[in-house]
Amino acid sequence: MSDRSTSSRRGRFAKADWIVIGLAGLRQEGPDALTIERLTATARRTRGSFYHHFASHEDFVRAMADSWLQQSTVGPIAEMQQAADMRRVRASLAEFAATLDHRLERQIRRLGEINTHAHAVVQQSDALRIAMLVQMFQDEFALLPDEALKRAQLQHAAFVGMQVVFPEASPEFRRELDLYLAGKLWVG
């Protein structure tokens with residue numbers, strides 16, 4: 001996601017511009033970057049401009065978390081599900097997981113520790129990601145639901161854990177570990 005706002009293209013500062021600034025600040029500095037004072041200073045806009053788009057700070061956090069969910073989970077899953085070949089879906093998933101903005105992922109989880117809506121959004125993201133993996137395991141190996149769920153949970157837990165244990169890992173390193181794990185989990 002670009003730090004450059006969409007307002008320069010349209011001439012007006014839009015709701016989406018605030019969300020871009022919020023996600024960029026969250027990524028760089030964590031939840032502390034999301035105060036109205038910090039947001040308006042970064043945007044070089046007034047509090048009135050902020051409140052023109054959001055009824056409250058909580059409304060802003062909700063919109064930002066929902067935007068993250070769409071960009072990081074709902075949209076990518078929908079795109080991956082368009083592929084007819086399971087190998088292409090797995091390859092697409094592996095590439096997505098390796099190149100995802102892991103710093104933002106960690107920070108949205110931090111936000112979820114202090115904000116109930118962000119917490120619910122993170123849980124929804126985890127559930128959607130695990131459900132996709134369950135479906136993939138069942139489709140590829142005809143596993144029983146319980147076995148597919150356990151493998152999916154392990155795969156996702158490894159993904160989230162890698163973000164914490166190896167926060168600065170390169171996409172190449174992430175791909176290498178993913179290939180190793182796939183060799184253990186993605187077998188019939």
Side-chain angles (χ1 to χ4, degrees), residues 1-3 20 22-34 64-115 118-188:
M1 177 174 300
S2 170
D3 287 347
V20 166
L23 288 170
L26 179 64
R27 180 191 185 283
Q28 290 299 321
E29 301 176 40
D32 292 343
L34 301 180
M64 188 187 68
D66 292 345
S67 176
W68 170 82
L69 178 66
Q70 182 63 39
Q71 294 172 27
S72 71
T73 304
V74 174
I77 286 175
E79 286 179 31
M80 286 179 232
Q81 289 175 334
Q82 297 301 314
D85 177 20
M86 186 54 64
R87 287 194 173 140
R88 290 180 65 198
V89 173
R90 279 182 42 201
S92 180
L93 177 62
E95 184 62 20
F96 174 77
T99 59
L100 185 67
D101 187 341
H102 295 281
R103 183 179 210 164
L104 181 56
E105 288 271 320
R106 289 190 307 277
Q107 296 293 13
I108 199 83
R109 288 178 185 283
R110 281 187 60 212
L111 181 61
E113 293 172 8
I114 59 173
N115 180 279
H119 179 75
V121 165
V122 168
Q123 286 186 316
Q124 184 180 1
S125 174
D126 290 338
L128 289 168
R129 291 170 177 180
I130 289 169
M132 179 184 170
L133 289 166
V134 166
Q135 188 64 54
M136 290 171 68
F137 279 118
Q138 288 179 315
D139 289 350
E140 190 162 343
F141 302 115
L143 297 177
L144 295 173
D146 190 51
E147 176 67 16
L149 177 61
K150 286 181 174 130
R151 289 187 190 194
Q153 289 169 328
L154 182 58
Q155 175 96 35
H156 189 62
F159 168 73
V160 173
M162 193 170 14
Q163 293 174 345
V164 175
V165 176
F166 305 113
E168 303 304 322
S170 69
E172 294 75 24
F173 178 80
R174 292 179 192 285
R175 283 185 200 97
E176 184 179 318
L177 282 184
D178 186 61
L179 281 172
Y180 180 80
L181 184 60
K184 304 299 181 192
L185 291 177
W186 293 92
V187 293

Residues passing the ring-ring contact (aromatic ring centres under 6.0 Å, His included) test with F173, sequence neighbours excluded, are F166
Quick check: do [X] and [Y] have side-chain heavy atoms less than 4.5 Å from each other?
| X | Y | answer |
| --- | --- | --- |
| D178 | Q155 | yes |
| D139 | M86 | yes |
| F159 | L100 | yes |
| H156 | V160 | yes |
| H102 | P167 | no |

Self-check item: Greater than 12 external heavy atoms within 6.0 Å of E176's CD
Solution: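 Atom CD in E176 is not crowded, with 12 or fewer foreign heavy atoms closer than 6.0 Å.
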**Request:** Answer yes or no: does atom OH of Y180 have more than 12 heavy-atom neighbours from other residues, nucleotides or ligands under 6.0 Å?
**Result:** no
Practice prompt. Applying side chain to side chain donor-acceptor pair (under 3.5 Å), name anything that partners E140, two or more places apart in sequence or on another chain.
Written response: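 Partners of E140 by the side chain to side chain donor-acceptor pair (under 3.5 Å) criterion, ordered by chain and then number, come out as R90.
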Rounding to 0.5 Å, atoms CD1 (I108) and CZ (R103) come to a distance of 14.5 Å
Measure from the side-chain N and O atoms of [X] to the backbone N and O of [Y], and report whether any donor-acceptor pair falls under 3.5 Å.
| X | Y | value |
| --- | --- | --- |
| R88 | A83 | no |
| S72 | W68 | yes |
| T99 | E95 | yes |

Identify which one of R174, R110, R129, R27 satisfies the salt bridge (charged side-chain N to carboxylate O under 4.0 Å, His left out) criterion when paired with E105.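 When R174, R110, R129, R27 are each tested with E105, the salt bridge (charged side-chain N to carboxylate O under 4.0 Å, His left out) holds only for R129.
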- Mind running side chain to side chain contact (heavy atoms under 4.5 Å, CB included) on K150 and L154 for me, showing each step along the way? CA-CA 6 Å; K150 286 181 174 130; L154 182 58; over 6 Å; no
Check your understanding: Under a 4.0 Å N-O cut-off, is there an ion pair linking R109 with D126?
Key -> yes
